[in-house]
Amino acid sequence: EDRDNSRDVLEPEARADAPMIDPQPEDPRAEDGGAPIRDQPFPRPSPKYRWEGQADTPIGWNRFPSDWIWSPHDQWMMSYWNVYGGVVHGIIGPYSKWGYGNGRFDLAGFPGNAQMKNQFDRGWKAKELAVTFTRGGLFGGISEADIAFNPAFEWTLDNAYGARADTTAWSFEQTMLHELGHGCGIKHPWETQNVWWDSVMNYPPKEYRMPILFADDTEAVRDAYYYLASHDGLISAYETFDTPGGKNPTYKPFGPLLAQVNRKGSLSFKGNFKIENAGNGTFHDIRVEVYLCPERFGTNDCRYLKQVKYPDFMPPFAMWVFDGNSLGTVPIPEDFPLGKRYIALNLIISGEDDYLPNNASWVNEDQAVTVKPAASLSCDQSGGGSPDRGIWILATPLAALAIRRRAVYSASRRGPSPYSAYRASGRKRAPAISP
Ligand SMILES: [Zn+2]
């Protein structure tokens, strides 16, 4: 039809708001972290299956009006799929009235129950966050898709705030990325098989709902559309594994061994992390950097602590799980800033990594660690004890008070993060600070 002529193909510049940590040069002190503890191969071809075939590309989405706060986050998520699948998602414009049955790919926005019934013949189901309705064309392809978000839920552009178990807001970007997967024909992998791997098409617990495409997702869109070559490593500060008796995987956090660490003490880890090869080439010389950051998904004032090398060659379309203890321990310097910090893992691979926004991963909100003043050893002389049986005294309760006040402030934050002002102006790469 004529209106298809106005399609614009989106530049594959995805997630302009994605936090990225500039890696350090190769650290001569880097330890060897050894082999993964799990390298279970994915089923091949991509375990995704396509329902009603594929859409003609580029899909011309009737995207959100540019003055909505959700714009251009909708288009960034389209571009993100295009990084791997080529010219899959495009846009038409300007925004016009959406409707089911109009033969177009519409972002319906946040229709209420009455409008849902009017268009789709059914209202919102309980616990339904968002939905994509698709229609099949004459030759088995997808001829129309409409994406609707449930206005009964609280939506946020602050992905760190959304990906928390203790908030009621949901990540708009993560949900849009999932629904756009349906919009180009990708279904939930767990509907037809037992899934142990990560996917944007899974239903993970809330704290793992971040706008990230995993190896299975990138392979699915490559397999369905254009098999674009890409060289791409991805890291997650958690692991997934099979749930006995369940088709969705279990998600388990990586984090600090203890919730607090003292200056001049050392930080140890518990839990496992995973590295995925989301591209279609092999990489090696894997290095993982450990940082402590004042904000989850934030790069400002992140402090570099160490690098660990993983020498194996990682094949395409793979997910490897590493023991958190392979990162060893990290001494906390005497002048390290006090307060709540989040461990960030930053991935470096051999060659040019084509997509960097998935190279840094922060621990969950409930895996934060608080840096306390140095513990001072005092000997109980009157008791005649040896220095080995000293008493550890913690100083400055004022610092603890300040941390509590900050926690209250961040817990009450709603909506877009303070970064939103320069989100629209393009890629943000705040430099990390070295000790
Ligand atoms: Zn879904």
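Both backbone and side-chain heavy atoms feed into the values below; hydrogens, waters and symmetry mates do not. Model, not experiment: these values are computed from the prediction. First listed ligand is number 1; within each ligand, the first listed atom is number 1.
For the Zn ion (ligand 1), the count of nearby protein N, O or S atoms, meaning those under 2.8 Å away, is 3.
Here the straight-line distance linking atom OG1 of Thr132 with atom CZ of Phe105 works out to 11.0 Å at 0.5 Å rounding.
Judged by distance alone, the side chains of Tyr208 and Thr240 never bring a donor and an acceptor atom under 3.5 Å apart.
Ring-centre distance between Trp61 and Tyr95: not below the 6.0 Å cut-off.
With sequence neighbours excluded, no residue satisfies salt bridge (Lys or Arg N to Asp or Glu O under 4.0 Å) with Asp74. Arg222 pairs by the salt bridge (Lys or Arg N to Asp or Glu O under 4.0 Å) definition with Glu219, not counting sequence neighbours. Partners of Trp70 by ring-ring contact (aromatic ring centres under 6.0 Å, His included), not counting sequence neighbours, listed by chain and number: Phe110, Phe172.
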